[in-house]
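Working notes, beginning with the structure itself.
Letters A, B, ... mirror the listed sequences (proteins, then strands); counts begin at 1.
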There are 2 protein chains.
Amino acid sequence: MKEKPMAEDRRPVKPITIWLIEDNARYRKTLSGLIIQTPGLTCPGSFGSCEEAFSSGKSLPAPEVILLDIGLPGINGISGIETFKTWFPDVNILILTVYDDHDRVFEALCAGASGYLLKDAPPEKIVDAIHEVVAGGAPMNIRIAHRVLEIFARMKPRKTDYGLTDREKEILQLLVSGLTKQEIADRIFLSFHTVNTHIKNIYSKLHVTTRSGAVSKVYRENIL
Amino acid sequence: MKEKPMAEDRRPVKPITIWLIEDNARYRKTLSGLIIQTPGLTCPGSFGSCEEAFSSGKSLPAPEVILLDIGLPGINGISGIETFKTWFPDVNILILTVYDDHDRVFEALCAGASGYLLKDAPPEKIVDAIHEVVAGGAPMNIRIAHRVLEIFARMKPRKTDYGLTDREKEILQLLVSGLTKQEIADRIFLSFHTVNTHIKNIYSKLHVTTRSGAVSKVYRENIL
DNA sequence: CTTAAAATACCACAAACGTGCGATTTCTGT
DNA sequence: ACAGAAATCGCACGTTTGTGGTATTTTAAG
C-alpha cells in the first residue's frame, strides 16, 4: 500500500472527473454546483437518467467517479451500475439514496457499487466520500457493511476435510471440469484403470456414487 | 431491525459481556482495565490464547463480544474465530491488530469476524466499536471494506441466459443434485425417455456433453 | 385458426460409468 | 528396516449415459 498525500494537500493536480446521474433536477444542480466549486473536482457530465448518460456520455472522457441515484427509476438504477462497469471497468460508483434503503443499497453493492452516501449528507461529507472512494475506500453505512460481511462469511462454508490425497484432488479437479475418465488419464499420463481406481476412492471418501454428486459436493462445500 | 437506545442512554441495564484474548499480558491488562471501568461493559474472561479460552471459558457465561488478537499466534487467530462462532453463534468477534494487516484481517472477516480495531486506537474508539458491533454494525477500515465489496461483487457473475425452459430448469436442478435419469423420471412422474430428451436438449443449450460439464456450468455461472 | 414452441414419449446402440475384486510399486515416517 | 499409506495398473460385468432418430400432444402467440 502506498501512502497518499493528506487531504489538506490541494495542489492543482488533474482533477477528479465525476459524472452525476440524478433525476431530481433541483438536487442535481445543487450537487454539480458543489462539485465544480470544489477544487480538484470536475463534473463534465450531469444527467437525469442512466439512458441519458449512455447516449450523451459517449463523447465525454471516462469518469473516475459516478454519483448515481437509485431512488425512483427502478430498472435504471441497479442495472445501470453493471452497464457503467462494463463501459468503465475502473470507475467508482457511489450510490445516492435519500433514506436508508438497505435492500436497494445492498443490491447496488452486489452489482458493483463502491459505496454510497445519503442525499442529506453535508457537502463536506460528499466531497470526502468522493476522495475516499478514489483513494480505494468504500464509504458505507456500518450496518450495511455488517450485512455484506455476514453473507460474505456465509459463502465460505465449512471446509470439511474428506481426506483426499493430492492426486485425488487433482483428478477430482479434472472430473469437475467435465472430462471423462479416459480424457483425464490422457491429460495426466496415467492408465485409464488408475484413474478409474482414483475416482472410485474419491467417491467413497466423498460419500457419493455419481459424477454429478461429486461435482455438486465440490462446489457446495468449497472442496479443492 | 429493532431500534436500540442511544449510546448516551447509560442506564444500568445488563452490561455487555466481553471476552478478551490477547497474548501480550501488558496490553491485555490495559484493555480489561478499560472495559471494567466503562459502565455497561464487563469482562469476565481475559485469556492469553484461544486454547486458554477454550478450556477456561466453559464455565463462563456466553460472551456477546470477543476481542481477539490475531497478531502472532498464527493458527490460533483465524481458526479460533470459527471455533468461537461454533460455540457462540451470535457472538460478535472484533479483531485486534497492531498494524494494518490487510490480508490477515481479510481472512478474519471471511472466517466470521464482525469487524476489527487497531490496538493503538484511543480508548473511546474501542468502546465505541464494541457498542457499534453489538448494535449490528461492522467497524472496519474503509479499504478493507472496499476489498470485501470487490470480491463480493465478483461472486455475482453475469447470469447468461441459455434459454432453458422451466421444465428443463427443473430437471437440471435434479440432475445437479446427483440423481440419475431414472430417478429424475420417478421423482417428477415422467417417462425415462422424456427425461432423456429433456437432458439432451439441456446439454445442447448449455453446450456441454457430460453431466459434470452441466453441473459445473450451473455452479460457475449461477444458472437456476 | 394456425403455427411455433414446449412437453411428452419411444427405440437402438455405442460409449462411458460404477463397482466388485486383485495386484505391484513407490513414498513416508518411526 | 519395516509398516502403512499412496499411487499405480489390471479385468469383468452390469448399469447408466449420450446421441441419433421419430412422433404425438399441449400450450402460447400471432
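Smallest separation of non-hydrogen atoms from Cys43(A) and Leu20(A): SG-CB, 4.1 Å. For the residue pair Leu190(A) and His198(A), the shortest heavy atom distance occurs at CD1-CD2, 4.5 Å.
A donor-acceptor pair is defined here as one N or O able to donate and one able to accept, closer than 3.5 Å; no such pair exists between the side chain of Ser212(A) and the backbone of Arg211(B).
Distances shown here put every side-chain N or O of His193(B) at or beyond 4.0 Å from the OP1 or OP2 atom of dT8(C). Of the side-chain N and O atoms in Thr197(B), none sit less than 4.0 angstrom from OP1 or OP2 of dC10(C). Between Thr194(B) and the phosphate of dA9(C), there is a side-chain N or O to OP1/OP2 separation shorter than 4.0 Å. For Tyr203(A), a side-chain nitrogen or oxygen approaches OP1 or OP2 of dG18(C) to under 4.0 Å. In this structure, Thr180(B) does not reach the dT15(D) phosphate: none of its side-chain N or O atoms is under 4.0 Å from OP1 or OP2. Phosphate contact (OP1/OP2 of dC10(C), side-chain N/O of Ser191(B), threshold under 4.0 Å): present.
Using the six-membered ring where Trp is involved, Trp19(B) and Phe84(B) have ring planes that are perpendicular, over 60° apart on the 30 and 60° scheme.
Taking atom CD1 of residue Ile184(A) and atom C1' of nucleotide dT8(D), one finds them 16 Å apart after rounding to whole Å. One atom, CD of Gln182(B), and another, P of dG18(D), lie 15 Å apart when rounded to the nearest Å. Remark: C1' of dA7(C) and CZ of Phe189(B) are 17 Å apart, rounded to the nearest angstrom. Going from atom CD of Glu183(B) over to atom C1' of dG18(C) covers 13 Å, rounded to whole Å. With rounding to whole Å, Leu179(B) atom CG is found 19 Å from dC17(C) atom P. If you take NZ of Lys169(B) and C1' of dA7(C), they are 16 Å apart, rounded to a whole angstrom. Distance His198(B) NE2 to dA7(C) P: 6 Å, rounded to the nearest Å. Between Leu190(A) atom CG and dT24(C) atom C1' the separation is 15 Å, expressed in whole Å.
Distance from the side chain of Phe192(B) is smallest to dT17(D) among dA6(C), dT17(D), dG20(C). Counting only heavy atoms from C-beta on, Arg211(A) has its side chain closest to dC17(C) among dC10(C), dA6(C), dC17(C). Proximity note for Lys200(A) (side chain, C-beta onward) versus dA7(D), dT19(C), dG21(D): the nearest is dT19(C).
For the pair Thr209(A) and Gly163(B), both in contact range of DNA chain C, the more 5′-proximal nearest nucleotide belongs to Gly163(B).
Looking at heavy-atom distances under 4.0 Å, Asn196(A) makes contact with a base.
Contact check for Leu94(B) versus Leu68(B): no side-chain heavy atoms found under the 4.5 Å cut-off.
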